[in-house]
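Data first, discussion second: the structure below is written as C-alpha cells.
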2 protein chains.
Amino acid sequence: MPEGPHRPRRGATTIEEVARAAGVSRQTVSNALNAPRRVRPETLDRVNAAIRELGYQPDQSARSLRSGARRTLGYLAPVDDPLDPNPLMAGFLEALVDAAGAAGQRVLLFRPGQGAADPVAAIDELVAARQVDGLVLADVLHEDVRIAHAARLGVPFASFGRTGPGEPQRWVDIGNEAAMAEVVRHLAALGHRRIGYLGAAEELPWMAARRAGFLAEARRLGLSAVAVGASGAGSSGTAAAGSVVASVRALLRGPDRPTAFAAGSDLLALDVYEAVRAEGLVVGPGGVAVTGFHDTPLCRHLHPALTSVRLPLRAIATALVGRLLDQVRGETAAGEGLELPTELVVRGSSGRPG
Amino acid sequence: MPEGPHRPRRGATTIEEVARAAGVSRQTVSNALNAPRRVRPETLDRVNAAIRELGYQPDQSARSLRSGARRTLGYLAPVDDPLDPNPLMAGFLEALVDAAGAAGQRVLLFRPGQGAADPVAAIDELVAARQVDGLVLADVLHEDVRIAHAARLGVPFASFGRTGPGEPQRWVDIGNEAAMAEVVRHLAALGHRRIGYLGAAEELPWMAARRAGFLAEARRLGLSAVAVGASGAGSSGTAAAGSVVASVRALLRGPDRPTAFAAGSDLLALDVYEAVRAEGLVVGPGGVAVTGFHDTPLCRHLHPALTSVRLPLRAIATALVGRLLDQVRGETAAGEGLELPTELVVRGSSGRPG
DNA sequence: TTGTAAGCGTTATCAG
DNA sequence: CTGATAACGCTTACAA
C-alpha cells in the first residue's frame, strides 16, 4: 500500500552539499564521480575529500531516473517451497551477489506471487517497473517459457542452464555429461568394471544429462553399466526415496552386482549408502564405491566422506554477470552458450573394489 | 526535443501516455493508482482499462525519487563461502521474498564486498545510496555490530535472531530452548531416561540456547543427560566432524549409555547415525533414538527418516516484514522481541528404547 | 576544465 | 473531482 505522508529524509547528503563543501558546482562533483578524468587532479582531490567526509553516496533512484541504469540485476528465484528449498538458493546466490557486486551491480530477488505461480507475470512486473537492468534465470529448461518471454520483451538476460536450439543461447552451464564421464573414468581407474547410476527427476535436463553422460562414458570404456531412478519427483527427490533405495538394493542382490555407484545428487548418494548398508555391505575402499553431485556440506558428514562433483559457482556467477552486462552495454550479445568444467572432489567413499 | 539518452528505452510506457489514452491528465492517473477513492468510479474504470491495455507500471525510480519510498527491503546475507552456504539462504529466503511481495516490497540482497568482510560498510553503502526502506538481518549475535550500526543510522530494521538486553529488541526468533524442551519431552514420553545432546559451534547463541534448553528440560524431568560437542567450528560444523562422531561413540561405549540423542542440527544428527552404526547399534525403534534440527530435505533421505524440528519460516518472514514496515510507516516501533514456536516433526528415528 | 540549463517520470500542492 | 505547476536528486548537453 502506498503510504500517504511525506517520508522523513534520512541523513541524505546531496550532491549539492558536497559541491558547497568542496567549493565547486554540482556538475563538477558529478563529473568527479562519473568521469574523473575530466576533472583537474587537485579539484578531484578536494571533491573526493568532501565526499568522504560527508559520507556521500549518490541517490540511486535519482541516478537511475536520469541515466536509465538501474545498477541492479534481477534473480528469478525458482518456484518452490521453503520446506523443500532449491539447492541453488544456497551457494549460488552467494556467488551471484559477489559477482554482481564486483561489477557494481546489486541483486534483486523476485518470485511469482505466492499462489499465482506464473513466472512470466513476475518478469513483466519487474521489467515494466524498470527495476533492473537485466535478469538472471536459473534451473532453465530446454524450451523455457521464461527464456522465450524475456527474449520477447527484449530485456537483457542470462541463464544458468542451457536452452534448446530454438531458444536464444545466452546461457552458462556446467558440463553435466563431462562431469559424469569424469566420475566414470575415476571409478574405472580404481578398477571398477560394473557400475551403477542412481538418478531422479530425470525429466529435468540436467538430471537427464548426468545419466546420459554416465552411460555414454561407461559404454565407451566397455564397462557394464546400469541406471536406475524414477522420474516425476521434485528436483530433490522427496517423493519416493524409499523405492529408490529398493532399486539399488535389488541391483546389489543381483547376479552382476555393481561394485560402484554414481548418484545424480548428494542426497541420492545418501540413498545408496543406505542401500549398501542394508545389504550388509560397506561403502568405500574394500566395499562399494559411491559418488555424489553438488559437493554439499553433507559430503563431509558422511562416513566415509562422499566423493562428489563440485560446481564452479563463482565462475558461473561471474560469467552470467559478464554476459548480462555485455548486453546491457549494448555490446554484441555473444549468442553462444558457455560450458564450464566441474571439479571432482575425491574422498573416502570412492576406492578400489573389494 | 532532448536527444535520446545513452540507454535505449525499453517499451517504457509512461503515465503521460496512459493519461492521453484515457483522455485524462497525468495526475488523474496518478490518483487512480495511489488514491483511487478520489477518482470518480467511471473515470477510474477508464483509467484502469488504459493501464491494463498499455501494460503500464509506474517507473519505480521516478516514484522512489519523488515519494522517498523504495519499496525494497535489504537482506544482508550472512558472510560465508558458497561452498559452505548458510542454511538460511535456502528456505528462509524464499519465505522472505514471498512475505515481502505480499506487502508490496521487493528484496535486495547484499553482502560485504568479497574479501573485505565488513558488514557495517555494506550497510552504510546501501543506506547512503537510499536503495532500501529497511533492513533484514539474520544470524544475529547477542551484541551484534550490525544491529548497533543500523540503530545508530536510524534505518528501520528487524532481525531473525534475538539481540541482547543492551540492544534494540526488534527481533523475531524461534524458541530454541522451547524446541529442545519439546524434543526432550518427546523422548521422555517414549520412555528414554538417559539422553545425550550433540552440539557444535556453541559460541553461536542459537546453538547455545538449544543445548541449554535440552539440559534444563532434562533436569526438570529428572532424566540423566549429557551434552557433547565442540565450539569453534563453522555453523555447519565443517571442522571436526570426525571428532564429534568419536565423542558420541565414547558415550555409547560408556557405562550409562544414552538410549537417545538430540542433535543441534540435521547434519549433526547424521553424525550420530554414523556413531550409532559404528558401535554396531541401530537407529530408531528398538535402538537409539535420534532427533535433528531444521527439518532439511536430508531428514527424508535417512533411514530411518529423521525426526526433526521444523522452523516456521513463513511466519518468521511475515513477522519480520511486518515489524519492518511498521517502522517504515513511522508507527511506534514496538521495541519488543517476538518468539515463534517450532514444530516437532516425528519420524522413524525416534521410537521406544531397545 | 568548469558552470548553466534542462529534464528523466512521478507525486504533492493548490488552483479551478 | 480534475488540471496546471513545482519539486525530488541527479546526469547529459552546451555555453563560458
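Numbered from 1 within each chain, the chains take letters A, B, ... in sequence-line order. Here the structure is a predicted model, which means the values were calculated and not measured. All heavy atoms count here, side chains included; hydrogens, waters and symmetry mates do not.
- Phosphate proximity of D:dT11 to A:R63: present, with a side-chain N or O under 4.0 Å from OP1 or OP2.
- Look at CG on B:N31: it is 15 Å from P on C:dC14, rounded to the nearest Å.
- For A:L73 against A:V132, the heavy-atom pair with the smallest separation is C-CG1, 3.9 Å.
- Within residues 47-61 of chain B, no residue has any heavy atom under 4.0 Å from DNA chain D.
- Between B:E16 atom CD and D:dG3 atom P the separation is 12 Å, expressed in whole Å.
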- Task: Represent DNA chain C in dot-bracket notation, 5' to 3'. Only Watson-Crick or G-U wobble pairs with both distances under 3.5 Å count; pseudoknot-style crossings use [ ] and interstrand partners use |.
- Result: |.||||||||||||||
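- In this entry the distance linking CZ of A:R26 with P of C:dA5 reads 10 Å, nearest Å.
- In this structure, B:E17 places its CD atom 14 Å from C1' of C:dT10, rounding to the nearest Å.
- Checking the phosphate oxygens (OP1, OP2) of D:dC8, no side-chain nitrogen or oxygen of B:S64 falls inside 4.0 Å.
- Computed from coordinates, the B:R38 CZ to C:dA12 C1' distance equals 10 Å when rounded to whole Å.
- Atom CZ in B:R130 sits about 7 Å away from atom P in D:dG9, given to the nearest Å.
- What separates CD of A:Q27 from P of D:dG9 is a distance of 15 Å, to the nearest Å.
- Nearest nucleotide to the B:I15 side chain, out of C:dT10, D:dA4, C:dT4: C:dT10.
- The phosphate of D:dT11 has OP1 or OP2 within less than 4.0 Å of a side-chain N or O from A:S30.
- For B:T43 and D:dT2, the shortest distance from a side-chain N or O to OP1 or OP2 is below 4.0 Å.
- Distance, A:R66 CZ to C:dC8 C1': 6 Å, rounded to whole Å.
- The local environment of CD in A:E16 is crowded, with over 12 non-hydrogen atoms from other residues, nucleotides or ligands closer than 6.0 Å.
- Looking only at side-chain heavy atoms (C-beta outward), A:F110 and A:L76 come within less than 4.5 Å of each other.
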